[in-house]
Amino acid sequence: MSHTPSTDMITPKLKMLTIINMLKKGMRSTGRGLLDFRPIEVVLGYVPNADGSALVRLGNTVVVAGVKLEIGSPYPDTPNEGALVVSAEFMPTASPTFEPGPPDENAIELARVVDRALRELKAIDLSKLAIIPGRKAWVVYVDIYVLDHDGNLVDASSIASLAALMSTYLPKVEVDEAGNIRVDRSSKVSPLPLNHKVVTVTVSKVENVLFVDPDLEEENMAETKLIVAVSDDGRIAGLQKSGSGGLTESEILAAIDIAIKVGNDLINLITSKTLKQN
Amino acid sequence: MEKPRLIREDGLRHDGRRPNELRPIKISVGVLNKASGSALVEYGATKILAAVHGPREIPLRHLLLPDRAIIRCRYHMLTFSTHERKSPAPSRREIELSKVIRESLEPVVMTEMFPRTAIDIFIEVINADGGTRTASVTAASLALADAGIPMRDIVVGVAVGKVNNVLVLDIDEVEDMFGEADMPVAVAPSLGMITLLQLNGVLTRDEFVEALKLALEGANQIYRLAREALRNSYLKVRVEE
């Protein structure tokens with residue numbers, strides 16, 4: 001059962017009012033503007049045993065995403081395609097408010113939002129992932145672990161997932177006449193086929209001010225936020241209003257325009273960072 | 001299931017509706033005996049029962065807030081509400097929807113009037129034919145109103161979809177399954193506030209603007225029906241006197 005959260009960090013009222021007053025003047029505590037992300041660091045191949053991985057630092061938020069490719073049976077309605085499975089966990093290392101145990105509603109929501117953006121855009125070309133059409137195909141597992149929480153986990157996770165997928169290579173596969181599959185993970189033959197790139201841009205609202213990439217304090221005082229998945233061709237690949245509170249029609253349109261612009265810059269930034277390392 | 005022709009040659013949808021036409025909507029308020037408030041809402045073959053208990057004290061005191069009530073919400077599907085039997089274990093989808101539905105109602109409920117209590121909302125999907133979360137929002141907000149809980153507005157939900165490149169209002173399961181996009185929206189029309197917005201699919205900015213407009217028009221129609229149903233539930237009491 002979902003309930004109004006009661007374990008959120010408490011921010012002193014004086015500090016809260018200061019942050020709100022600054023936001024209204026277009027300023028942030030760290031000197032960045034309303035539409036500026038914090039510095040982003042992407043470390044590809046952070047987990048050598050994964051088929052693709054990326055550690056992303058977004059300010060003080062740290063997320064690691066890993067890709068594992070496994071051979072599985074295709075879904076009956078898409079017999080000639082691979083499959084995508086996205087999951088997320090908020091580790092107790094990330095915050096004193098995170099408990100060990102199965103993913104809570106926030107982790108489930110995050111994973112499903114990232115999943116929908118990748119899936120609906122057909123970001124991964126699943127049609128090229130059949131091994132024995134109708135019988136065996138690659139299953140792409142994207143697993144996201146939040147290691148340190150200083151706000152904006154969804155965007156950090158979507159960046160980490162994209163970077164991890166962009167660094168994933170398919171291993172060499174041989175199928176003999178009897179239909180036995182032999183995988184040689186030591187030789188990586190081709191990059192995971194991608195059709196599109198996609199990131200989410202979460203636009204937060206405090207009073208009438210819209211801004212991106214909140215740190216934890218800003219996030220806790222935001223009335224609500226709109227997560228916008230933006231594709232590399234400037235389309236909207238998913239939306240999710242998250243958090244109590246509402247938005248007017250004009251606020252939503254403004255948020256979407258912000259997200260499309262910022263998202264495009266983010267995709268270019270991640271692409272250049274991954275190209276350098278790949 | 002075979003993919004039907006989603007937009008027919010005459011421009012109508014597979015069930016004969018125009019693109020901007022809702023399914024037949026039935027709303028009854030106060031349908032349960034023991035709940036503080038309840039509502040039964042049908043959008044076509046989608047059938048949702050919502051019950052509200054409270055504001056009430058709960059044993060889990062650590063959850064309660066000193067300055068307002070908490071809202072607890074469960075979106076739940078009956079095992080036989082879908083084509084394939086739904087496992088009775090809570091699914092990831094149900095967990096996510098319980099959250100977004102709760103968050104669509106929080107802004108309108110005057111929780112500050114009932115500190116240290118819980119308002120519990122139970123939503124049962126009796127039959128699923130698309131648009132279950134949006135019908136759930138409508139049902140839950142009417143159940144809250146029926147419970148006499150002060151609210152700033154009633155929230156109503158409706159989904160817009162894109163099928164065969166046409167934006168259509170209040171999509172059913174076939175249109176959701178074979179269409180290109182599904183965008184559930186919930187609105188508090190008098191406040192001019194959108195309290196639930198999701199998009200499963202890909203839209204251009206222009207398509208989104210169109211889709212949101214279509215959703216708001218649909219929501220206004222449902223809002224009128226919802227208010228009428230609420231009023232009728234009180235009229236009945238007066239007649240019985």
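- The distance from atom OG1 of Thr4(A) to atom CG of Leu64(B), rounded to the nearest 0.5 Å, is 10.0 Å.
- Taking CD1 of Ile121(B) as the start and CE of Met1(A) as the end, the distance is 10.0 Å to the nearest 0.5 Å.
- The distance from atom CG of Leu197(B) to atom CD1 of Ile256(A), rounded to the nearest 0.5 Å, is 7.0 Å.
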Enumerate donor-acceptor pairs with a distance under 3.5 Å from any side-chain N or O in residues 79-92 of chain A to protein atoms, sequence neighbours excluded.
{"from": "Asn80(A)", "atom 1": "OD1", "to": "Gly134(A)", "atom 2": "N", "distance (Å)": "3.4"}
{"from": "Ser87(A)", "atom 1": "OG", "to": "Asp143(A)", "atom 2": "OD1", "distance (Å)": "2.6"}

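- Of the listed residues (Thr204(B), Thr111(B), Thr195(B)), the one with the most heavy-atom contacts under 4.5 Å to chain A is Thr195(B).
- Ranked by heavy-atom pairs shorter than 4.5 Å toward chain B, the options Glu105(A), Glu249(A), Glu109(A) are led by Glu105(A).
- At a heavy-atom separation below 4.5 angstrom, chain B is approached by Arg235(A), Ile236(A), Ala237(A), Gly238(A), Leu239(A), Gln240(A), Lys241(A), Ser242(A) within residues 235-242 of chain A.
- Top candidate by heavy-atom pairs under 4.5 Å with chain A, chosen from His76(B), Glu106(B), Arg74(B), is Glu106(B).
- Closest non-hydrogen pair, Glu103(B) versus Gly243(A), comes out as OE1-N, 2.9 Å.
- Contact count against chain A (heavy-atom pairs under 4.5 Å) is highest for Arg102(B) among Lys213(B), Arg92(B), Arg102(B), Met183(B).
- Residue Val202(B) forms a side chain to side chain contact (heavy atoms under 4.5 Å, CB included) with just one option from Val198(A), Asp233(A), Leu121(A), and that option is Leu121(A).
- Note on Asp120(B), Ile70(B), Ile194(B), Leu212(B): by heavy-atom pairs under 4.5 Å with chain A, the leading option is Ile194(B).
- Among Arg68(B), Gln198(B), Glu94(B), the residue with the largest count of heavy-atom pairs under 4.5 Å with chain A is Gln198(B).
- Residue Arg227(B) qualifies as open at atom CZ: its count of foreign heavy atoms under 6.0 Å is 12 or below.
- A distance of 5.0 Å separates NZ in Lys99(B) from CG in Asn106(A), rounded to the nearest 0.5 Å.
- Residues Ser2(A) and Glu96(B) have side chains not in contact (no heavy-atom distance under 4.5 Å, counting atoms from C-beta outward).
- Glu120(A) CD to Leu199(B) CG: the interatomic distance, rounded to the nearest 0.5 Å, is 8.0 Å.
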